[in-house]
Number of protein chains: 2
Amino acid sequence: MTRATRAAVEQVVPAPARKSDETRRRILNAALEIFRERGLEAATMREVATAAGVAVGAAYYYFPAKDAIVLAFYEEAQHVMRPALEAVLARKASLEATLRGIIQTKLNTFADNRQLMSALASHVDPKKPLSPFSAETAHIRESDLHFFQQAVMQTKLKLPKNIAPYVPRLLWLYQMGVLLFWVYDESPEQHRTAVLLDRTLKMLTVGLRLAALPLLRPLHRLAGDLLEVVYGD
Amino acid sequence: MTRATRAAVEQVVPAPARKSDETRRRILNAALEIFRERGLEAATMREVATAAGVAVGAAYYYFPAKDAIVLAFYEEAQHVMRPALEAVLARKASLEATLRGIIQTKLNTFADNRQLMSALASHVDPKKPLSPFSAETAHIRESDLHFFQQAVMQTKLKLPKNIAPYVPRLLWLYQMGVLLFWVYDESPEQHRTAVLLDRTLKMLTVGLRLAALPLLRPLHRLAGDLLEVVYGD
DNA sequence: GTCTATATGGAGATAGAC
DNA sequence: GTCTATCTCCATATAGAC
């Protein structure tokens, strides 16, 4: 079959995958627009379906629940952010600068959908699918973690042996905290979050410099002990 | 009216306040039992009303929403804990021991209703009434904060001037974190939480001892700066 | 004020059309 | 596989009985 022939066939009999992708996309876009306008809670699946020109059941065929739409948005954002995050790492700057770059990239990406993020941020319960700690979001979490691992490796920090393995996960957690704060930060232009981010990053840098002091040995032991149990296999 | 007469009257015409209190109590108890058995999400207001022997509307007359029942439970627990918390403070022990006592008292009080607490813990959004950060729970928060204030005052710590005012609130937040961890801690007998609590409290003690070091001055400045903006009026 | 009966509107499930 | 029509069950609202 030549390329032209195949194209012709596809015009007559549109590939099913193509068609369904388009419906899915239409539902997703309609939903996101309504979420942004009216807020996630206020939006109903009926509105979404109507706006997308399908029956309610169709929306549920593509997204098992309202939350799943938000998850799809998040997955897409994750994908969109990747080049920017890789660019940050490529700069091979200090850990502080790299972390700042990573977190700032996320804030920028989500800026237009800040209140939409509350759906993801507000579920702490690991059993809820949308929780950043759930099994359903594990793949996002892992791929995210990867950036923090790289950030740490690049700066060849001298970290205590018993703490080092947990540092990327701790930084990921820190970043989640900043994001959570940001989602509910109603100060003008989220100014408070900007200060939070700046000061805590600086504290991190100072803290890491001090971490090598032998005076802090007892803290290392306690922390290592704790992390082993909390993150324990 | 003699005391005997009044008692007689009350027997014939039960004071309305008395009657409604009893209904409210019946609904509350029925609800808590069902919540414990089947879990908060799975429990429906219908079940609760039926179990309490009233119509659904009656349940809503006393509690504007399902969440409000959980809040009522929490308020009651707060009241029940008070003597135990005051006893902890009366011991006038070290800050570490006092904090340990306060937090352990809470864990003990809530032990039978651990999963019920998830309703309170899982709402981070300050706009949701049940959130520990909401306006609706402000009175609980303040009264809670009071214990941490006392704990700090008793130990006459030498804290940097620009940080001292925020320490009770930071400790309250720390305690919320421990509680949150505990709610979702599925390790046997919540062993992980026990380790978390123990180690972090010890780290706090070590940390406070080191806090006085002039070496840490830059951290003080950054932290004070941060707290002023984040907790800013 | 206390409570019942009933209504409303939404999330999500399902049977079956194509 | 894709989608519509329809159903169930629930939270919450409301009219009005007592």
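Just so it is clear: chains get the letters A, B, ... in the order the sequence lines come, proteins before strands, and each one is counted from 1.
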For DNA chain D, what residues of residues 26-35 of chain B have any heavy atom nearer than 4.0 Å?
none

Expected list for residues 57-68 of chain A near DNA chain D, using heavy atoms below 4.0 Å, is Gly57(A), Ala58(A), Tyr61(A), Tyr62(A)

Report the C-alpha distance between Glu186(A) and Lys127(B) in whole Å, list the side-chain angles of each, state the deciding distance to 0.1 Å, and finish with yes or no for salt bridge (Lys or Arg N to Asp or Glu O under 4.0 Å).
CA-CA 11 Å; Glu186(A) 299 297 349; Lys127(B) 267 165 288 186; 3.5 Å; yes

Quick one: is Thr23(B) getting a side-chain N or O under 4.0 Å of the dT2(C) phosphate, OP1 or OP2?
no

OP1 or OP2 of dT2(D) sitting under 4.0 Å from any side-chain N/O of Ser20(A)?
yes

Tell me whether the rings of Phe133(A) and Trp172(A) are parallel (<30°), tilted (30 to 60°) or perpendicular (>60°).
perpendicular

[X] side chain to [Y] side chain, donor-acceptor N/O pair below 3.5 angstrom:
| X | Y | value |
| --- | --- | --- |
| Tyr174(B) | Thr200(B) | yes |
| Thr137(A) | Ser134(A) | yes |
| Ser131(A) | Asp125(A) | no |
| Gln150(A) | His146(A) | yes |

Hey, can you pull the donor-acceptor pairs under 3.5 Å for the side chains in residues 78-88 of chain B, sequence neighbours left out?
| unit_1 | atom_1 | unit_2 | atom_2 | d |
| --- | --- | --- | --- | --- |
| Gln78(B) | NE2 | Ile140(B) | O | 3.4 |
| Gln78(B) | NE2 | Ser143(B) | OG | 3.1 |
| Arg82(B) | NH1 | Glu86(B) | OE2 | 3.3 |

Quick one: side-chain contact (heavy atoms from CB on, under 4.5 Å) partners of Ala135(A), sequence neighbours excluded?
none

What does Val54(B) touch in the nucleic acid at a heavy-atom separation under 4.0 angstrom: a base, only the sugar-phosphate, or nothing?
sugar-phosphate

Using the benzene-type ring in the case of Trp, are the ring centres of Tyr74(A) and Phe110(A) under 6.0 Å apart?
yes

In residues 41-50 of chain A, what residues come within less than 4.0 Å of DNA chain C, judged by heavy atoms?
Ala43(A), Thr44(A), Met45(A), Arg46(A)

The salt bridge (charged side-chain N to carboxylate O under 4.0 Å, His left out) partners of Arg169(A) (sequence neighbours excluded) come to none

